[in-house]
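Remarks on the structure that follows.
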Amino acid sequence: MGNLHFRKEERLSRKKIIEELFEKGASRLFFPLKVLSLPHPDPNQIVHQVLITAPARNFKKAVDRNTVKRRIREGYRLNKTLIPTSPALCLAYIYIAKDILPSVTIHKSIRSSLQQLKNNEKKD
RNA sequence: ACUGUAAGCAGUCUUAUCGCUCUUUCAGCAAUGUUGGAGAGGAAAGUCCGGGCAACAUAGGGCAUCGUACUUCCUAACAGGAAGGGGGUUUCGAGAUCAUCGGGAUCAACAGAUAGUGCCACAGAAAACAGACUACCGCCUAGGAUUCGUUCCCGGGAGGAAAAGGUGAAAAGGUGGGGUAAGAGCCCACCGCUUUGUUGGUGACAACAAAGGCAUGGUAAACCUUACGAGUUGAAAGGCCAAAUAAGCCCCGAUAAAGUGAACGGCUCGUUCUUAUCCUUAAAUGGAUAUCGGGGUGGGUAGGCUGAUUGAGUUCGUCAGUGAUGACGAAACCAGACAAAUGAUGAGAGCCCUCCCCCUACUCCCGAUAAUCCGAUAACAAUCGGGAUCGGGAUCGGGUCUGGGAACAGAACCCGGCUUACACGCUUACUUUUUUU
RNA sequence: GCCGUUGUAGCUCAGUGGUAGAGCACUUCCUUGGUAAGGAAGAGGUCGACAGUUCAAUCCUGUUCAACGGCU
């Protein structure tokens with residue numbers, strides 16, 4: 001098995017890249033998630049960088065936002081070996097559903113999104 | 001027993017796999033790996049108050065604006081807290097009744113309405129300068145009736161008086177008595193109010209005495225007055241390092257400083273002099289270009305460290321105080337993230353609710369009585385009641401077992417409060433309903 | 001993290017303490033051969049929620065809920 005870490009380097013935290021991702025990134029919907037993806041603009045980047053967010057409009061309480069973000073993060077951490085590491089990507093996971101869904105369904109949708117990304121790269 | 005309200009306490013535990021943040025041991029140039037340790041709350045929430053801390057501002061005083069408002073104390077400070085004072089509501093008792101007094105429970109942002117201004121709908125005669133209206137009273141008087149003494153009816157005049165008008169949230173001290181033409185604090189008793197004094201209390205205030213004779217309707221969470229307080233902005237503050245501040249365009253200046261160039265000297269520096277070119281002019285007068293400097297635009301950078309967790313702190317004990325709280329001593333170090341860690345998936349234990357089944361002290365209910373005991377109807381029989389026994393059911397409790405539940409809620413520089421949210425459980429006070437005495 | 005604004009009829013908004021209104025929309029009637037426009041009448045409000053001040057609160061005060069905006 002590969003490394004199932006999720007360290008600070010894999011978090012997307014630079015404001016400029018985030019803006020670029022939200023402007024140019026290709027978006028697909030895997031309910032309950034919306035996934036934005038873009039090749040990383042920094043050529044020295046080795047690992048993928050991921051942004052996870054749950055809008056405060058749908059979840060008023062910080063506890064609910066935290067639980068949703070934690071479940072998405074676990075889903076990415078356990079399934080990130082599905083995509084190859086060679087060209088680094090920027091990803092954004094936005095939680096769209098208005099209820100807190102169980103982590104099984106969230107993991108399923110993450111898995112399918114990663115499969116699709118892998119297929120796209122093969123075509124390229 | 002049960003229902004609810006308020007206050008307080010407490011708000012799961014163990015373990016497997018894979019991870020996150022900080023720290024630590026060892027290895028390594030480093031990335032990193034490895035060993036051990038720590039890792040959300042009573043409200044972390046709302047951001048309603050008050051501070052610490054930081055930057056900027058600031059002679060002193062006043063005005064404006066905003067806030068606070070019974071007293072004393074606590075506190076770093078507060079619109080917070082503690083202990084009191086007076087007040088409202090309700091209930092019980094005293095008072096023949098009323099005013100009022102005393103006890104209990106409970107509520108409360110409680111300075112000033114004789115500094116001034118404003119407002120008080122509807123209703124009502126009148127809503128704040130009291131007296132316009134109706135009604136009351138005697139005096140004078142026009143007319144009518146009459147039993148011709150007078151009385152009655154209906155008007156007028158100049159007065160008296162502030163008692164009556166039942167409407168309103170609120171009506172100009174209250175109740176009773178005297179007094180009077182009618183009345184009135186006009187006089188008296190009790191009570192309230194105001195002023196003054198004495199005593200007690202640190203004080204809010206209370207008690208008592210004397211005088212006044214009612215003058216003073218409500219509203220300040222209306223303006224306002226008085227007293228006290230408040231500089232502004234918040235960690236997205238501030239400090240250090242790294243990176244960047246380019247080109248282009250616009251404006252101003254070349255006096256000083258700096259810079260450039262030159263000369264000299266003791267030459268990593270000092271002294272002295274000094275913009276340059278072109279056109280134009282009497283003139284460095286004016287203009288253009290270049291260079292340099294400053295400002296703007298433009299675009300660019302926006303990462304790390306610090307601030308930042310040893311503190312008005314925590315736990316335990318003793319002492320002081322009615323209490324909030326304080327003093328002293330001891331012990332340990334107990335989250336520190338930053339597009340934001342403290343998790344995900346399983347398993348088990350305990351707790352709560354529910355379903356099936358079993359046992360069951362005491363108690364209660366229903367039914368039966370072949371035999372047996374007691375009592376009532378004078379006695380027997382019979383009947384009734386009670387006991388006893390048997391059967392069935394309910395309940396407290398215990399065991400087994402099915403399914404489910406576990407609230408409110410996530411640190412964001414740090415503290416002190418307030419407010420709001422909160423499942424199950426426990427304690428205290430009050431309380432709904434039912435049963436028994 | 002810090003600061004602010006708003007909440008009134010189905011919609012857009014007035015209303016500075018005395019029984020809450022306008023425009024559009026809705027219903028019924030008139031007008032027309034019919035519709036629109038026009039005219040007449042009508043219905044529809046816990047003034048976001050809960051407390052307090054006041055005789056009386058949409059308005060004043062406090063708490064709370066929701067929506068929206070700003071600060072790098």
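So that the names make sense, note that chain A is the first sequence line, chain B the second, and so on, each numbered from 1. This structure is a prediction, so every number in the text was calculated from the model and none was measured.
Classified by interplanar angle (parallel below 30°, tilted 30° to 60°, perpendicular above 60°), the ring pair F59(A)/Y95(A) is tilted.
Pairing for rA111(B) is with rU225(B), a Watson-Crick or G-U wobble pair whose two hydrogen-bonding atom distances lie under 3.5 Å. Remark: rC122(B) base-pairs with no nucleotide in the shown strands. Criterion, Watson-Crick or G-U wobble with two distances under 3.5 Å. rC190(B) and rG174(B) make up a base pair, with Watson-Crick or G-U wobble contacts both under 3.5 Å. Remark: rG1(C) base-pairs with rC71(C); criterion is Watson-Crick or G-U wobble with both hydrogen-bond distances under 3.5 Å. Pairing for rU420(B) is absent, judged as Watson-Crick or G-U wobble with the two contacts each under 3.5 Å. Pair assignment for rU17(B) gives rA344(B), based on Watson-Crick or G-U wobble hydrogen-bonding distances that are each under 3.5 Å. rC9(B): Watson-Crick or G-U partner is rG425(B), with both key distances under 3.5 Å. The pairing partner recorded for rA40(C) is rU28(C), the criterion being a Watson-Crick or G-U wobble arrangement whose two distances lie under 3.5 angstrom.
Rounded to whole Å, the C1' atom of rU274(B) lies 15 Å from the corresponding atom of rU291(B). Nucleotides rG18(C) and rA121(B) place their P atoms 12 Å apart, quoted to the nearest Å. One P atom belongs to rG86(B), the other to rG52(B), and the distance between them is 39 Å to the nearest Å. For rG51(B) and rG88(B), the P atoms lie 37 Å apart once the distance is rounded to whole Å. The gap from the C1' atom of rA45(B) to that of rC408(B) amounts to 10 Å, rounded to the nearest Å. Comparing the same atom, P, in rG80(B) and in rG417(B) gives a spacing of 14 Å after rounding to whole Å. rA262(B) and rC241(B) are spaced 42 Å apart, taking the C1' atom of each and rounding to whole Å. The P atoms of rG174(B) and rG93(B) are separated by 30 Å, rounded to the nearest whole Å.
Syn is the classification of rG149(B), since its glycosidic angle stays within 90° of 0. Because its glycosidic torsion is more than 90° from 0, rA37(C) is reported here as anti. Glycosidic conformation, rU90(B): anti, with the torsion outside 90° of 0. rG185(B) adopts a syn glycosidic conformation, its chi angle falling within 90° of 0. Glycosidic conformation of rG303(B) is anti; the angle lies outside 90° of 0.
Of the inter-residue distances, the one linking I100(A) atom CD1 with T67(A) atom OG1 reads 4.0 Å to the nearest 0.5 angstrom. Atoms CG and CG, from L91(A) and L38(A) in turn, are 9.5 Å apart once rounded to the nearest 0.5 Å. Atoms CZ and CZ, from R28(A) and F30(A) in turn, are 6.0 Å apart once rounded to the nearest 0.5 Å. Once rounded to the nearest 0.5 Å, the distance linking CD1 of I83(A) with OH of Y76(A) reads 5.0 Å. To the nearest 0.5 Å, the span separating CG on N58(A) from CZ on R65(A) amounts to 10.5 Å.
A straight line from CZ of F59(A) to P of rA409(B) spans 15 Å, rounded to a whole angstrom. If you take CD1 of I100(A) and P of rG410(B), they are 12 Å apart, rounded to a whole angstrom. Rounded to a whole Å, the CD1 atom of I110(A) is 12 Å from the P atom of rU345(B).
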Step by step, work out the side chain to side chain contact (heavy atoms under 4.5 Å, CB included) result for V35(A) and S27(A).
CA-CA 6 Å; V35(A) 184; S27(A) 80; over 6 Å; no
Test log, rule salt bridge (Lys or Arg N to Asp or Glu O under 4.0 Å), inputs E74(A) and R71(A):
CA-CA 5 Å; E74(A) 282 295 308; R71(A) 282 175 183 175; over 6 Å; no
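Under the 3.5 Å distance criterion, the side-chain polar atoms of R111(A) are left unmatched by any main-chain donor or acceptor of L82(A).
Close to rA407(B), at under 4.0 Å from its OP1 or OP2, lies no side-chain N or O of K61(A).
Along RNA chain B, the nucleotide nearest to V104(A) and the one nearest to A62(A) differ in position, and the one closer to the 5' end is contacted by V104(A).
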Within the 4.0 Å limit for protein heavy atoms, which parts of nucleotides 339-344 of chain B are touched? Write it as a string from 5' to 3', B for base, S for sugar-phosphate only, - for none.
BSSSBS
